[in-house]
Amino acid sequence: MAQLKVFNSLTREKVEFSPLDENHVRLYACGPTVYNYAHIGNARMAVVFDLLTNVLKTLYPKVTYVSNITDVDDKIIAAHKETGAPIAEITEKFTRIYNEDMASLGCATPDIQPRATDTIPEMIALCEALIAREHAYAADGHVLFNVPSFPSYGGLSGRSRDEQIAGARVEIASYKKDPADFVLWKPSAQDEPGWDSPWGYGRPGWHIECSAMAEKHLGLPFDIHGGGADLKFPHHENEIAQSCCAHGHSDLTAFSKYWMHNGFVTVEGEKMSKSLGNFLLAHDLLEKYDGEVLRLTLLSAHYRQPLDWSEDKLEQSQTILDRLYKRVGGSGNVDSAVLNALCDDLNTPLAISKLIAADDANIKASGALLGLLQQNPAIWLAQGNVETNEFDALLTERAEAKTAKNWARADEIRNELAAQGFKIIDTPDGAKLEKL
RNA sequence: GGCGCGGUGGCAGAGUGGCUAUGCAGCGGAUUGCAAAUCCGUGUACACCGGUUCGACUCCGGUCCGUGCCUCCA
């Protein structure tokens with residue numbers, strides 16, 4: 001059996017993956033906050049960890065992949081205040097759209113997709129445990145994690161507490177004992193989402209939810225925790241601190257044994273940002289390109305490398321898939337070179353090159369591992385075709401002209417249709433039209 | 001300022017101390033009435049300067065350039 005190697009962000013080295021329980025691999029990846037359409041950066045995370053789950057499932061008998069939906073957050077409240085739409089309507093709508101769009105990208109729904117709002121009691125319990133162990137304190141309706149109480153803090157991002165404060169541009173709230181302390185629970189106004197707690201009506205801080213959901217559904221410790229590279233600090237750092245301290249551990253691996261982070265997507269060389277207005281939404285791209293084209297594009301660079309998104313790459317992915325779909329043969333096996341490439345820390349560019357080199361009969365099974373080439377080839381290849389009804393007479397005339405070897409007339413008809421925006425492609429089944 | 005990542009052929013993008021991926025595009029050819037598709041052939045590229053070595057694109061040091069995080073962020 002192939003051996004999976006992964007780059008562990010916690011130790012910053014590539015290591016052989018060895019599950020805590022050979023019979024049950026458990027992983028968690030931070031999912032989206034549902035206040036808007038998912039952008040291609042969200043999509044990259046979903047695709048990368050979907051792929052990782054696929055690979056794990058070929059190697060191990062049982063895998064549980066948990067990825068959450070964050071449905072309580074200040075950004076959601078902001079969206080509510082801006083649009084007037086009820087909170088629940090916003091979160092339900094964008095959860096549904098997220099799942100639809102990710103399904104279009106070939107991502108299976110995570111085995112468990114918990115919602116933050118379904119995990120509030122567990123979050124409160126975590127806060128209480130942290131207070132009991134003197135790693136957290138209540139102040140002004142808030143509950144704060146006391147960073148100096150955890151000497152190992154900063155192990156993931158390689159940032160000492162002092163460095164962090166030195167670089168901090170955040171205002172330091174008066175109720176904090178230490179400038180680095182972060183919020184576990186905060187008070188809500190009456191018109192904001194909230195729950196009754198020992199500290200009054202309030203809602204969770206951002207980091208505590210993932211600690212609670214991961215523990216609830218996977219148990220501690222579990223094997224792999226993933227997410228976007230930008231979550232390393234402070235989000236994942238804080239998750240580790242909370243989860244380890246709540247149970248009295250000082251070892252950073254008492255939460256998750258391995259950490260994996262995917263790189264950013266940039267657009268034409270620039271980071272996506274609202275101010276630049278270059279946020280690319282998966283939802284919009286899916287209107288023009290098949291989900292597999294987007295998925296291949298997302299997998300065309302190694303997951304830890306930055307990925308620069310461009311129209312050019314999409315066209316290239318489309319061409320590659322078109323060519324592969326022409327070759328898809330019977331139902332063979334997963335090509336071992338493809339699997340081996342993926343087992344080497346998800347080396348997808350290499351895996352794709354091996355897929356192209358694979359026997360035709362094995363392309364479909366191998367593509368399945370990557371989440372590609374799962375459609376009906378005939379339908380895929382007919383994608384660009386348009387109905388010919390309105391030009392049937394012309395096409396028939398051209399067919400007759402061709403039979404009579406009247407090339408001049410045949411070309412004339414080709415030009416006439418070109419003038420109307422269509423390209424004639426002769427196939428064994430007759431002429432087909434494509435939009436120019 | 002602190003911490004990190006990267007600079008590979010026209011573009012994209014892996015990888016390795018000596019055997020120099022792959023894809024897209026291009027070019028040449030086969031095939032084709034034309035067009036498309038397909039097939040064959042075709043490119044010694046690894047930022048710069050030192051060092052280590054029999055030998056470095058690959059290891060070490062420095063320089064330049066780009067970029068990410070440090071604040072909500074996939």
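Residue numbering restarts at 1 for every chain, and letters A, B, ... go by the order of the sequence lines. Note that the coordinates shown come from a computational prediction; the quantities given were computed from them, not determined experimentally.
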Can you tell me the distance, in whole Å, between the [atom1] atom of [X] and the [atom2] atom of [N]?
X	N	atom1	atom2	value
A:Glu239	B:A74	CD	C1'	14 Å
A:Glu311	B:A25	CD	C1'	16 Å
A:Phe7	B:G4	CZ	P	12 Å
A:Asp230	B:U67	CG	C1'	14 Å
A:Asn262	B:C5	CG	P	17 Å
A:Glu400	B:G33	CD	P	19 Å
A:Asn415	B:A36	CG	P	13 Å
A:Asn385	B:A35	CG	C1'	15 Å

Nearest to the side chain of [X] - [options]?
X	options	result
A:Pro349	B:U22, B:A74, B:G13	B:G13
A:Ile320	B:G23, B:A35, B:A74	B:G23
A:Lys313	B:G23, B:C69, B:G13	B:G13
A:Asn42	B:A35, B:A74, B:A14	B:A74
A:Gln305	B:G6, B:C34, B:C69	B:G6
A:Leu350	B:A36, B:C34, B:A21	B:A21
A:Met45	B:A74, B:C70, B:U22	B:A74
A:Asn347	B:A35, B:C24, B:A14	B:A14
A:Lys75	B:C72, B:A14, B:A35	B:C72

Any donor-acceptor pair under 3.5 Å between the side chain of A:Asp73 and the base of B:C72?
no

Looking at B:A74, does its base get a donor-acceptor pair with the side chain of A:His261 below 3.5 Å?
no

Which residue is it: A:Thr95, A:Ile90, A:Thr117, A:Thr33? I am looking for the one with a side-chain contact (heavy atoms from CB on, under 4.5 Å) to A:Asp71.
A:Thr117

[atom1]-based separation of [M] from [N] [nearest Å]:
N	M	atom1	result
B:A25	B:U63	C1'	35 Å
B:G17	B:C60	C1'	13 Å
B:A47	B:C34	C1'	48 Å
B:G55	B:A14	P	31 Å
B:U20	B:G43	C1'	12 Å
B:G15	B:A45	C1'	13 Å
B:U42	B:G33	C1'	29 Å
B:U8	B:C57	C1'	8 Å

State whether the number of non-hydrogen atoms from other residues, nucleotides or ligands found under 6.0 Å of A:Glu82 atom CD is greater than 12.
no

Under 4.0 Å between a side-chain N/O of A:Lys232 and OP1 or OP2 of B:C70, yes or no?
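Answer no for this pair, as no side-chain N or O of A:Lys232 is under 4.0 Å from OP1 or OP2.
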
Determine: side-chain N/O of A:Arg323 to OP1/OP2 of B:C24, distance under 4.0 Å, yes or no.
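Yes, within the criterion.
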
Are A:Arg44 and A:Tyr303 in a cation-pi setup, meaning NZ or CZ lies under 6.0 angstrom from the ring centre and within 45 degrees of the ring axis?
no

Identify whether NZ of Lys or CZ of Arg in A:Lys177 sits under 6.0 Å from the centre of the six-membered ring of A:Tyr137 and within 45° of that ring's axis.
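Yes, a cation-pi geometry holds between A:Lys177 and A:Tyr137.
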
Under 3.5 Å on both distances, the Watson-Crick or G-U partner of [N]:
N	result
B:G50	B:C60
B:G41	B:C27
B:C5	B:G66

Do A:Arg203 and A:Ser188 pair up side chain to side chain, a donor and an acceptor below 3.5 Å, judged on atom types alone?
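Yes, side-chain donor-acceptor contact under 3.5 Å.
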
Have a look at [X] and say if it touches a base, only the backbone sugar-phosphate, or nothing, with a 4.0 Å heavy-atom cut-off.
X	result
A:Arg44	nothing
A:His235	nothing
A:Val265	base
A:Lys432	nothing
A:Gly228	sugar-phosphate

I'd like to know if [X] pairs up with [Y] as an ion pair, taking the criterion as any Lys NZ or Arg NE/NH1/NH2 lying under 4.0 Å from an Asp or Glu carboxylate oxygen.
X	Y	result
A:Glu92	A:Arg96	no
A:Lys81	A:Asp74	no
A:Asp111	A:Lys57	yes

Which sits closer to the 5' end of RNA chain B, A:Phe264 or A:Tyr303, going by the nucleotide each is nearest to?
A:Tyr303

Upstream residue (5' side of RNA chain B) when A:Cys30 and A:Arg304 are each assigned their closest nucleotide
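Taking each residue's closest nucleotide, the earlier one in sequence belongs to A:Arg304.
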
